[in-house]
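Working notes, beginning with the structure itself.
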2 protein chains.
Amino acid sequence: MADGRLARGERTRTAVLDAAVSMASVDGLEAMSLARLAHATEVSKSGLFAHWPDKEALQLAVIARAVHIWTAHVVTPAFAEPRGVRRLWALHERRIEFYASGVLPGGCFFVATQAEFDDRPGPVRDALAAAINDWLFLIKTVAAQAVELGELRPDTDVEQVAFEIEAHGHAVVTFSRLLHAEGAAAYGRTAVLDRLRSLSPVPELLPGN
Amino acid sequence: MADGRLARGERTRTAVLDAAVSMASVDGLEAMSLARLAHATEVSKSGLFAHWPDKEALQLAVIARAVHIWTAHVVTPAFAEPRGVRRLWALHERRIEFYASGVLPGGCFFVATQAEFDDRPGPVRDALAAAINDWLFLIKTVAAQAVELGELRPDTDVEQVAFEIEAHGHAVVTFSRLLHAEGAAAYGRTAVLDRLRSLSPVPELLPGN
DNA sequence: ACACAAAAAGACCGATCGGTCGGTAATTTT
DNA sequence: AAAATTACCGACCGATCGGTCTTTTTGTGT
């Protein structure tokens, strides 16, 4: 299946999506205009419509691409850690490193878009909610494994833990971006690390203070 | 000089600003168009320009109005509590109640706008950052008073505490809005309450679990 | 009744928005 | 070699964007 046309189309398609994820991490998914996206990728505006029927379809594709990037940079590396509290911590740690790495010029695609769509019903909002729900489910699952392994106290409320980890991860972006609080990453690390250590019968599995 | 014309102008001015705060809590400050705002307030679009020279000036006025609403609904009631950890908790509790009260259709003006402007330099971003910094400074100040009163452990890092409280308050909005997690408010309360109780030598000052 | 000033309306402008259309060059299938 | 498919472009469309200009309405002192 070495189709030159399909290969070329696939190349520009992913190039556009990558640029769109970057652009949306700065401006949001709706504020990203097709003309600017086309100009940034050196494609004509009508060329975009050759790949996606309308803006909404492109936005959905952008979300899928953002999930892929997130998985590659955060989830997969964290799963190199053994199951349990170390993997749970790695998820948070990798996330903060991802923000600091500057892969996305806006810091985080999901932080930039979820406030934009939380009151705007439709497929785009549903896709964003599903992506974030998947992320939360992942945290809960890993936390539940840590409980099973005896690395978190048996009475741990994994829903509560997932809420707090997500809250602190999100806050790292908003603090370091809008305010120029350079200590945001440290606060976000300390908050979750202290919490997990206090919940764990084996805190020595986690990095020291 | 009790001029009825000035009174009329003042009336429409605050009416427009109130509507704008509501609209911006849903759509954001930039996505809020002047035509829609004018239509919602039954004012002509050019009537808006009679009160503010351009959109940016109106946005700045809207921010000031949003701060005023926030102060009236959250800060002032919380200051009815005595200084110390009870007042600190009241700030968080009042905030969550404000979100649940439905005063703003979008939940929170600042949550809706800060991701929109965190990468967009200019006076509007500066004003938003200043407003949120004021709020954080307030939390830190009240927390420091709690330390002085011996209601929080003397080694408490008030910067860290402010980060965590703000993170959890913010997360209550995003969780209850985008996802339809109805338990968001409970998670946000529990997270801060447990944290403050663990930091306080006199946890009986705080409500029970 | 009058002049005056503030508030508000209406018509209009250039730019940009998402989106459509007809067409072309290149590649693959038949 | 013809036919079909794919990638992509430039021109253009109606709607809406923020903003300007001129005019009308409305309330106030004399």
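Just so we're on the same page: letters track the sequence lines, and every chain starts at 1.
- The phosphate of C/dA8 has OP1 or OP2 within less than 4.0 Å of a side-chain N or O from B/Thr12.
- The distance between atom CG of A/Leu37 and atom P of C/dT16, rounded to the nearest whole Å, is 17 Å.
- Proximity of A/Ser33 to the phosphate of C/dT16: no side-chain N or O atom is located under 4.0 Å from OP1 or OP2.
- Going from atom CD of A/Glu30 over to atom C1' of C/dT16 covers 15 Å, rounded to whole Å.
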query: Can you list the steps and then say if A/Gln145 with A/Glu151 is a side-chain hydrogen bond (donor to acceptor under 3.5 Å, both in side chains)?
result: CA-CA 9 Å; A/Gln145 289 172 346; A/Glu151 296 182 7; over 6 Å; no

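- In this structure, the ring of B/Phe163 has its center less than 6.0 angstrom from the ring center of A/Phe175.
- Panel note: side chain B/Ser25, backbone B/Phe109; no donor-acceptor pair is recorded below 3.5 Å.
- A salt bridge does not link B/Arg125 to B/Asp119: none of the charged side-chain nitrogens sits closer than 4.0 Å to a carboxylate oxygen.
- Atom CE of B/Met32 is separated from atom C1' of D/dT16 by 16 Å (rounded to the nearest Å).
- In this structure, A/Arg11 places its CZ atom 11 Å from P of C/dT27, rounding to the nearest Å.
- Note: CD (A/Glu10) to P (D/dT6) measures 14 Å, nearest angstrom.
- Within residues 39-60 of chain A, the residues having any heavy atom closer than 4.0 Å to DNA chain C are, in order of number, A/Lys45, A/Ser46, A/Phe49, A/Asp54, A/Lys55.
- In this structure, A/Arg8 atom CZ and C/dT24 atom C1' are separated by 12 Å, rounded to whole Å.
- Between A/Glu166 and A/Arg95 there is a salt bridge, since a side-chain N of the basic residue sits under 4.0 Å from a carboxylate O of the acidic one.
- Using a 30° and 60° split on the angle between ring planes, B/Trp70 and B/Tyr99 fall in the tilted class, from 30° to 60°.
- Straight-line distance from the CZ atom of A/Arg36 to the P atom of C/dA15: 18 Å, rounded to whole Å.
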